Amino acid sequence: GAGVSQSPSNKVTEKGKDVELRCDPISGHTALYWYRQSLGQGLEFLIYFQGNSAPDKSGLPSDRFSAERTGGSVSTLTIQRTQQEDSAVYLCASSLEGGRGGYTFGSGTRLTVV
Amino acid sequence: GDSVTQMEGPVTLSEEAFLTINCTYTATGYPSLFWYVQYPGEGLQLLLKATKADDKGSNKGFEATYRKETTSFHLEKGSVQVSDSAVYFCALQGRNTGFQKLVFGTGTRLLVSP
């Protein structure tokens with residue numbers, strides 16, 4: 001597609017429920033990244049996919065968070081048993097291999113856990 | 001590890017004023033440096049970049065020069081407009097992460113009044 005598409009744009013969920021956030025990267029971009037933007041915080045790296053390599057999961061804050069990327073394209077970030085501190089904007093980005101030219105970001109999913 | 005430090009916001013200016021947003025970094029070697037901008041309700045957009053010392057990135061009247069000696073990448077604009085109101089993020093890609101992941105500062109909100 002022309003840009004990085006994320007869905008839903010807004011999600012309100014009850015504490016303890018599971019949520020899935022979707023990212024559709026730019027066609028041809030082999031690298032895909034998930035970041036979290038919390039109020040008053042910077043952008044926190046979560047996970048990085050590059051082609052068929054094993055993903056870099058070093059930023060995932062707990063084992064309640066997981067992500068997969070199917071067929072080297074669409075990615076889903078899953079948060080199990082959501083907590084109020086998970087409330088944030090979740091941003092997805094994609095880039096060509098290596099990412100040195102910069103990333104293209106989606107508009108994000110605003111997650112609110114009540 | 002790699003890190004980016006930005007000046008606290010918000011920065012409040014009148015239209016046509018001169019803008020400086022300070023950014024300093026810590027990284028080994030020669031990272032690539034970026035400024036991203038986030039307009040209200042949107043995702044991050046790449047504003048400008050520099051990949052080696054003394055490079056000057058520029059776009060839309062904004063400029064930043066990669067200063068290795070002061071480990072800085074300050075953002076400047078000679079005459080801001082109301083439409084420049086946004087959050088600005090300084091970021092780097094460094095050797096510590098194999099030039100793969102972007103490390104962001106906490107962002108600086110700019111408010112420009114007519």
Side-chain angles (χ1 to χ4, degrees), chain A residues 1-10 21 23-26 29-51 53-60 67 88-110, chain B residues 1-10 21 23-27 29-52 55 57 59 64 66 73 86-109:
Chain A
V4 177
S5 178
Q6 291 188 246
S7 61
S9 55
N10 280 285
L21 313 180
C23 174
D24 199 343
I26 290 175
H29 279 190
T30 57
L32 186 147
Y33 312 80
W34 284 97
Y35 282 80
R36 179 167 70 175
Q37 184 178 20
S38 303
L39 188 64
Q41 305 285 326
L43 274 76
E44 175 187 13
F45 167 78
L46 297 177
I47 188 169
Y48 157 59
F49 297 89
Q50 173 60 59
S53 302
D56 178 349
K57 304 179 182 180
S58 60
L60 294 178
V89 176
Y90 289 82
L91 292 168
C92 176
S94 70
S95 73
L96 296 171
E97 184 174 355
R100 291 196 78 152
Y103 302 174
T104 301
F105 279 86
S107 297
T109 294
R110 181 175 297 279
Chain B
D2 295 348
S3 65
V4 176
T5 302
Q6 290 183 236
M7 62 190 292
E8 292 277 339
I21 299 178
C23 170
T24 57
Y25 68 89
T26 301
Y30 289 83
S32 296
L33 301 173
F34 304 82
W35 277 100
Y36 281 80
V37 59
Q38 185 177 33
Y39 297 103
E42 299 184 14
L44 276 73
Q45 301 174 25
L46 178 63
L47 180 60
L48 53 84
K49 65 179 181 180
T51 57
K52 61 184 188 293
D55 266 2
N59 186 23
Y66 189 143
F73 193 56
V87 181
Y88 293 81
F89 292 90
C90 186
L92 69 82
Q93 269 180 321
R95 181 179 302 169
N96 283 342
T97 60
F99 292 100
Q100 302 293 343
K101 292 182 290 193
L102 276 171
V103 175
F104 287 89
T106 53
T108 302
R109 182 176 300 277

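Each chain gets a letter, A, B and so on, in the order the sequences are listed, and its residues count up from 1. Given the structure is predicted, the values throughout are model-derived calculations rather than measurements. Values reported hereafter were calculated over all heavy atoms of this structure, with side chains retained and with hydrogens, waters and symmetry mates removed.
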**Fill in**
The interface call for A/Gln6 against chain B, heavy-atom contacts under 4.5 Å, is neither
**Request:** Determine the option with the most heavy-atom pairs under 4.5 angstrom with chain A, choosing from B/Gly43, B/Gly105, B/Ala91.
**Result:** B/Gly43
**Message:** Against the six-membered ring of A/Tyr48, is B/Lys101 placed for a cation-pi contact (under 6.0 Å from the centre, within 45° of the normal)?
**Reply:** no
**Message:** Need one label for A/Ser58: side chain, backbone, both or neither, based on atoms under 4.5 Å from any heavy atom in chain B.
**Reply:** side chain
**Request:** Mind checking the CG-OG spacing from B/Leu46 to A/Ser95? Nearest 0.5 Å is all I need.
**Result:** 11.5 Å
**Asked** Rounded to the nearest 0.5 Å, how far apart are CD of B/Glu42 and CZ of A/Phe105?
**Response** 14.0 Å
**Item:** Ring center gap for B/Phe104 and A/Tyr35 short of 6.0 angstrom
**Value:** yes
**Item:** A/Tyr103 and B/Phe34 aromatic centres sub-6.0 Å
**Value:** no
**Complete:** The interface call for B/Gln45 against chain A, heavy-atom contacts under 4.5 Å, is neither
**Between OG1 on residue B/Thr106 and CD on residue A/Gln37, distance to nearest 0.5 Å** = 10.5 Å
**Item:** Contacting moiety of A/Leu43, where chain B heavy atoms sit under 4.5 Å
**Value:** both
